[in-house]
Asker: 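Encoded as structure tokens, here's the structure I'll be asking about.
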Amino acid sequence: GLFTYDISSGAISQLTTVAGYNVHFTSDGVTVVFEGYDGIYSVPLAGGTVRQLTPSTLSSSSAYFYHWEITADDDWVISHVSDTSTHDEYILSGRISTGVNHVLFTNDVDGFRLAPDGSRVVVIQNDSLYSVKPNGTSQVLIDSSTDLPYGASGAVVSADSAWVYYAKNNLYKADITGATAPTLVATPPGGIDRFSPGLCLSPDGTYIALITDTVSGPVYSFNTATSALTAMGGPDANYSVLTDNDVQLVITPDSQRVIW
């Protein structure tokens, strides 16, 4: 189970009898969210009801969680899980306060992106780009094409949670609710790498870093305000490193440096 230790008083108390690891807290510090052997759970830090936030059909012998996040409003947990016995993959949501959960997507999914305000989940599945609310409603098809990339790094959500930027050989922008048709916003030399697009939004929301399919300069930045495309480097010697591996672009908290 999970235990707490009060530093000031030295008191120890047991929060759960469920074995847990990968512990997170809601932003207000009130609720503990953790990964168990058969799902994701929540429990008040002060003690109380333990709620399973993922379907009880997942078993300890088959559930493998690749990644999960708490939405910015502390309302939902979104997770990407694999059933290792069937090789099916799922995008799931679970409401922290009630334990109500939903299967948002099944099969041929490869991660998700959350809108910064927690209002929507963006997923690429079967050559299609979708967005949906965490409660499973208002699902929309944003785009469908065999040129869409593999993996969640093929899309990012704007800082205001209104737009999805995504790779489809070039860079496109679409209303996250599907209200307007996608528009082409940038054409990087050589196109964007389909297998390792690496789209990464800077913390201040001013630019997107991405990986292209050209040997002369595979890493670029796209300015979300001006649409300017700027080469950031990546000489020929680095090309095999960038395209032969699942490269992750990381931007420093001050948005001043990109690391790959």
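No experiment lies behind these values; they were computed from the predicted model shown.
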Asker: Using a 3.5 Å distance criterion without hydrogens, assess whether the side chain of Thr31 forms a donor-acceptor pair with backbone atoms of Thr26.
Answerer: no
Asker: Angle between ring planes, Trp68 versus His24, binned at 30° and 60°: parallel, tilted or perpendicular?
Answerer: tilted
Asker: Taking the side chain from Arg120 and the backbone from Ser138, do they hold a donor-acceptor pair closer than 3.5 Å?
Answerer: yes
Asker: Do the side chains of Val81 and Leu53 join up, straight or via other hydrophobic residues, at under 4.5 Å, putting them in one cluster?
Answerer: yes
Asker: Would you name the heavy atoms of Ile78 and Pro134 that are closest together and state the gap between them?
Answerer: CD1-CB, 4.1 Å
Asker: May I ask whether Leu45 and Val50 are part of the same hydrophobic cluster, defined by side-chain heavy atoms of I, L, V, M, F, W, Y residues being less than 4.5 angstrom apart, directly or through others?
Answerer: yes
Asker: Hey, could you give me the CG/CG distance between Asn169 and Asp147, rounded to the nearest 0.5 Å?
Answerer: 6.0 Å
Asker: Is there a path of hydrophobic side-chain contacts, each under 4.5 Å between heavy atoms of I, L, V, M, F, W or Y residues, that connects Leu114 with Val164?
Answerer: no
Asker: Go through the steps for Val32 and Val23 under the test side chain to side chain contact (heavy atoms under 4.5 Å, CB included), then give the verdict.
Answerer: CA-CA 7 Å; Val32 180; Val23 175; 3.6 Å; yes
Asker: Please lay out, stage by stage, how Ile192 and Tyr220 fare under the test side chain to side chain contact (heavy atoms under 4.5 Å, CB included).
Answerer: CA-CA 10 Å; Ile192 300 175; Tyr220 279 76; over 6 Å; no
Asker: Check the orientation of Trp76 and His102. Use parallel for under 30°, tilted for 30 to 60°, and perpendicular for over 60°.
Answerer: tilted
Asker: Would you indicate whether the side-chain heavy atoms of Val132 and Val123 approach each other to under 4.5 Å?
Answerer: no
Asker: Can you spot which of Leu92, Asn22, Asn101, Val33 makes a side-chain contact (heavy atoms from CB on, under 4.5 Å) with Ile40?
Answerer: Val33
Asker: Does either side chain, that of Asp143 or that of Tyr172, offer a donor lying less than 3.5 Å from an acceptor on the other one?
Answerer: no
Asker: With ring pair (Phe, Tyr, Trp, His ring centres under 6.0 Å) as the test, pick out the partner of Tyr41 among Phe34, Tyr21, Phe65.
Answerer: Phe34
Asker: In the single-linkage hydrophobic clustering (I, L, V, M, F, W, Y; side-chain heavy atoms under 4.5 Å), do Val157 and Tyr207 co-cluster?
Answerer: no
Asker: Are Leu2 and Phe25 co-members of a hydrophobic cluster defined by side-chain heavy atoms under 4.5 Å apart?
Answerer: yes
Asker: Is there side-chain contact between Pro182 and Tyr166, with heavy atoms separated by less than 4.5 Å?
Answerer: yes
Asker: Do Asp127 and Arg194 sit within salt-bridge range, that is, some charged N less than 4.0 Å from a carboxylate O?
Answerer: yes
Asker: Any idea which heavy atoms bring Leu210 and Pro188 closest together, and the distance?
Answerer: CD1-CG, 4.1 Å
Asker: So, does Ser9 use its side chain to make a donor-acceptor pair with the main chain of Ala11 at under 3.5 Å?
Answerer: yes
Asker: Please answer whether the main-chain N or O of Arg257 pairs with a side-chain N or O of Thr252 as donor and acceptor at a distance below 3.5 Å.
Answerer: yes
Asker: Would the number of heavy atoms belonging to other residues, nucleotides or ligands and lying under 6.0 Å from NZ of Lys133 be above 12?
Answerer: no
Asker: Can you tell me how far CG of Asp254 sits from CG of Asp204, rounded to the nearest 0.5 angstrom?
Answerer: 9.0 Å
Asker: Would you check if Leu201 and Tyr165 make a side-chain contact, meaning some heavy-atom pair closer than 4.5 Å?
Answerer: no
Asker: Return the OG1 to CD1 distance between Thr177 and Ile142, rounded to the nearest 0.5 Å.
Answerer: 8.0 Å
Asker: Run the side chain to side chain contact (heavy atoms under 4.5 Å, CB included) check on Asp88 and Thr106 step by step: do they pass?
Answerer: CA-CA 7 Å; Asp88 292 331; Thr106 62; over 6 Å; no
Asker: Might you point out which heavy atoms bring Pro189 and Thr212 nearest each other, and give the distance in Å?
Answerer: O-CB, 3.7 Å
Asker: With rounding to the nearest 0.5 angstrom, report the CH2 to OG1 distance, Trp163 to Thr224.
Answerer: 12.0 Å
Asker: Taking Ser131 for its side chain and Val140 for its backbone only, find out whether a donor-acceptor pair lies under 3.5 Å.
Answerer: no
Asker: Provide the closest heavy-atom pair for Leu171 versus Leu184 in the form atom of the first, atom of the second, distance.
Answerer: O-CD1, 3.5 Å
Asker: Grab the two heavy atoms, one from Phe112 and one from His80, that are nearest each other, plus how far apart they are.
Answerer: CE2-N, 3.9 Å
Asker: Between Ser255 and Ser202, is there a donor-acceptor pair closer than 3.5 Å when you use the side chain of the first and the backbone of the second?
Answerer: no
Asker: Tell me if a side-chain donor or acceptor on Ser42 pairs with a main-chain N or O of Ile96 at a distance below 3.5 Å.
Answerer: yes
Asker: Is it the case that Thr187 and Asn170 place a side-chain donor and acceptor less than 3.5 Å from each other?
Answerer: no
Asker: For the pair Phe105 and Val121, evaluate side chain to side chain contact (heavy atoms under 4.5 Å, CB included) and give the outcome as yes or no after the intermediate values.
Answerer: CA-CA 11 Å; Phe105 294 92; Val121 185; 5.6 Å; no
Asker: Nearest 0.5 Å please: distance from the CG atom of Leu104 over to the OG1 atom of Thr137.
Answerer: 10.0 Å
Asker: Of all heavy-atom pairs between Ile251 and Ala209, which one has the smallest distance, and what is that distance?
Answerer: CD1-CB, 4.3 Å
Asker: Just verifying a value: how many Å separate Ser227 OG and Phe222 CZ, rounded to the nearest 0.5 Å?
Answerer: 4.0 Å
